[in-house]
Peer 1: 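The structure follows.
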Amino acid sequence: MYTQSFNVPDADAPSGAPLKAVPHDTALQAHFDAVIDADGKIEPRDWMPEAYRKTLVRQISQHAHSEIVGMLPEGNWISRAPSLKRKAILVAKVQDEGGHGLYLYSAAETLGTSRDQMFDALHSGKAKYSSIFNYPTLTWADVGVVGWLVDGAAIMNQIPLCRCSFGPYARAMIRVCKEESFHQRQGFESLMTMMQGTAEQKAMVQDAVNRWWWKCLAMFGPPDADSPNSVQGMRWGIKRISNDDLRQKFVDATVPQAEVLGVTLPDPELKWNEARGHHDYGQIDWDEFWAVVNGDGPCNRERLATRVKARNDGAWVREAALAHARKQQQRAMKEAA
Ligand code: FAQ
């Protein structure tokens, strides 16, 4: 008998008889392991261990939710962008994030989970999304800083995901990374313009950097020693670089950019360490991070309420589309009869 576990007794076996190992099981597992070891790709129709499938659904759906919830902090500024050019760029960027969410939901659907199940998990507070989107965008400079630092951190994390062992996720990431890189540059360029402006504009940029810097460092997830999913994720070729190593790469890449921009990163302990060949940096507030991840950040409730309202407000569109599809199908069947 075929089941997901491949390990049930035969129907004609006497009850209480020991489970018969099904030879297929080990062969499939061995094939999966060989593909992973050879750095190959697992595709949706391939056999995969249930734990691998579950991990991917967890990570990809959380990633998709982050993109969709991530539209909100910047979307908040579309109606107040300071010029037509900035408004057009921001509309395009926020739309791109929505598109990333859709690629990712589609990738997760190939693993046998429905979009409704994923939305239910988000809306009931069961699924996570990135901590960073639970902070408010208080000024126009925050929009530039989200592009520069939040998209910058997202790219750092996502480039290794282009080599993820699960094909649909890896392929989605290639396109996402190209778009994120435009997002990061537009953020930097917007801040650069402000830094050539008035003293008030420069102060606004510095204030935004002060408020977002530490939250961006926390985006990479808990320290490696406290990251329960890392070891298995790396064994499976889902994660390629650890949370702490990505965080370090982000710090090292951002310090020279901050110098070009003319802003100070708000960390007195930030300094080049010649022996390590990296920048040292100060302590991240992990209590704050976990409070935000567990639903208690400045904007968690507002963000979820906005997503639930959007889902409810759109119900009539989904119903109308389904009714239209049913009508078309009936008409086609009548014509064929
Ligand atoms: N926020 O054992 P680990 C973007 C959770 S997209 C909330 O280290 P893992 C684009 C983690 O889920 C940003 N929760 O977990 C954009 C786990 O809980 P669970 C999103 C977090 O999976 C820009 C627990 O902590 N990017 O920004 C966070 O090995 C601008 C233990 O952690 C992705 O999702 C966090 N920051 O590593 C959009 C990339 N960190 O699930 C709009 C894909 C950790 O066991 C505007 N995801 N947790 O209940 C990943 O690479 C990984 O899932 C990590 C976490 C690195 C996030």
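Every number for a ligand or one of its atoms is a count from 1 in the order of the listing.
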Peer 1: Would you check if the distance from the ring center of Tyr105 to the ring center of His65 is below 6.0 Å?
Peer 2: yes
Peer 1: Does the side chain of Trp213 pick up a donor-acceptor pair with the side chain of Asp267 at under 3.5 Å?
Peer 2: no
Peer 1: Under 4.5 Å between side-chain heavy atoms, chaining through other members, with only Ile, Leu, Val, Met, Phe, Trp and Tyr counted: pull out the rest of the cluster around Phe182, sorted by chain and number.
Peer 2: Ile89
Peer 1: Tell me who clusters with Trp272, hydrophobic residues only, linked when side chains sit under 4.5 Å apart either directly or through other members.
Peer 2: none
Peer 1: Which residues, ordered by chain and number, are linked to Leu102 in its hydrophobic cluster, where ILVMFWY side chains connect at heavy-atom gaps below 4.5 Å, directly or through other members?
Peer 2: none
Peer 1: Distance under 4.0 Å, heavy atoms only, partner ligand 1: which residues pass?
Peer 2: Arg58, Gln59, Gln62, His63, Ser66, Glu67, Gly70, Glu74, Lys93, Glu97, Lys128, Tyr129, Ser130, Ser131, Phe133, Val150, Asp151, Ala154, Asn157, Gln158, Leu161, Tyr169, Glu180, Ala218, Met219, Phe220, Gly221, Pro222, Ser227, Pro228, Asn229, Lys239, Asn243, Phe289, Trp290, Val293
Peer 1: Distance alone, cut at 3.5 Å: any donor-acceptor contact between the side chains of His278 and Asp252?
Peer 2: yes
